[in-house]
Each structure stands twice: as structure tokens, then as C-alpha cells.
Amino acid sequence: LRRTTVGGVEKFVLIFSKANFLVRRAGIVGQSGTWSLIDYPSPNSASFAYARECSDLTSQGFRDVQ
């Protein structure tokens with residue numbers, strides 16, 4: 001997901017779930033960004049967290065880039 005801020009800075013978020021984990025990388029386009037890994041009790045919990053995070057990000061102005 002990607003968005004451009006008011007100052008013209010482009011930010012990105014790469015997010016996916018794998019098994020019980022939610023993996024997220026966020027930062028400014030052209031820079032390495034910051035990784036985070038969250039371990040959930042089950043794959044269903046991780047999938048729900050992924051959907052919630054995507055919804056939150058799109059409400060903040062991030063859009064899917066293809």
C-alpha cells in the first residue's frame with residue numbers, strides 16, 4: 001500500500017500474514033523502512049488482524065499499488 005502525504009513524501013506499507021504471524025514493513029519510498037512481526041495465537045487471528053490493518057491503512061489514505 002502506498003500514499004503521498006501533504007508535503008509530497010510517498011510512504012509505503014507492505015503487509016501480509018503467514019501462518020500465525022502478521023508481517024509488516026513501513027517507511028518512506030526509496031528507503032528500507034521498519035519491519036515488525038506479530039505472533040498471534042492462531043492463523044484465523046492473524047488473518048483477522050491483517051484485514052483490520054488493511055482497513056485502517058486505507059482509511060488513512062493508503063492505496064494498493066500494482
Side-chain angles (χ1 to χ4, degrees):
L1 301 170
R2 189 177 191 168
R3 80 169 180 174
T4 303
T5 63
V6 175
V9 176
E10 290 187 321
K11 294 186 176 184
F12 74 92
V13 176
L14 168 68
I15 185 168
F16 62 94
S17 64
K18 178 74 174 176
N20 292 5
F21 299 96
L22 182 67
V23 181
R24 186 178 193 267
R25 180 178 168 197
I28 297 173
V29 172
Q31 297 182 9
S32 61
T34 303
W35 288 93
S36 65
L37 177 70
I38 302 170
D39 186 5
Y40 286 91
S42 70
N44 288 342
S45 297
S47 293
F48 180 77
Y50 169 80
R52 187 181 58 230
E53 184 77 13
C54 288
S55 177
D56 290 347
L57 290 167
T58 54
S59 71
Q60 293 173 27
F62 282 89
R63 299 290 173 249
D64 193 11
V65 177
Q66 298 179 350

For the student: nearest non-hydrogen atoms of Gln31 and Phe12, plus distance
O-CE2, 3.8 Å
Please tell me whether Phe21 and Trp35 are part of a single hydrophobic cluster in this structure, the criterion being side-chain heavy atoms less than 4.5 Å apart.
yes
Pairwise distance CG(Asn20) to CD1(Ile38) - rounded to 0.5 angstrom:
13.0 Å
What do the steps show when you test Phe48 against Leu22 for side-chain contact (heavy atoms from CB on, under 4.5 Å), and what is the final call?
CA-CA 10 Å; Phe48 180 77; Leu22 182 67; over 6 Å; no
May I ask you to decide if Cys54's main-chain N or O and Thr58's side chain share a donor-acceptor pair within less than 3.5 Å?
yes
Quick check on the hydrophobic clustering: are Leu57 and Val23 connected, directly or via other members, by side-chain heavy-atom contacts under 4.5 Å?
no
Side chains of Arg3 and Thr5: closer than 4.5 Å at any heavy-atom pair?
yes
For Ser17 and Ala46 the tightest heavy-atom approach is CB-O, 4.1 Å
Taking all atoms of both residues into account, what is the closest heavy-atom pair of Tyr50 and Ile15, and its distance?
CE1-O, 3.5 Å
Distance check, rounded to the nearest 0.5 Å: Glu10 atom CD versus Arg2 atom CZ?
4.0 Å
Are Val13 and Val65 in one and the same hydrophobic cluster, where Ile, Leu, Val, Met, Phe, Trp and Tyr link if side-chain heavy atoms are under 4.5 Å apart?
no
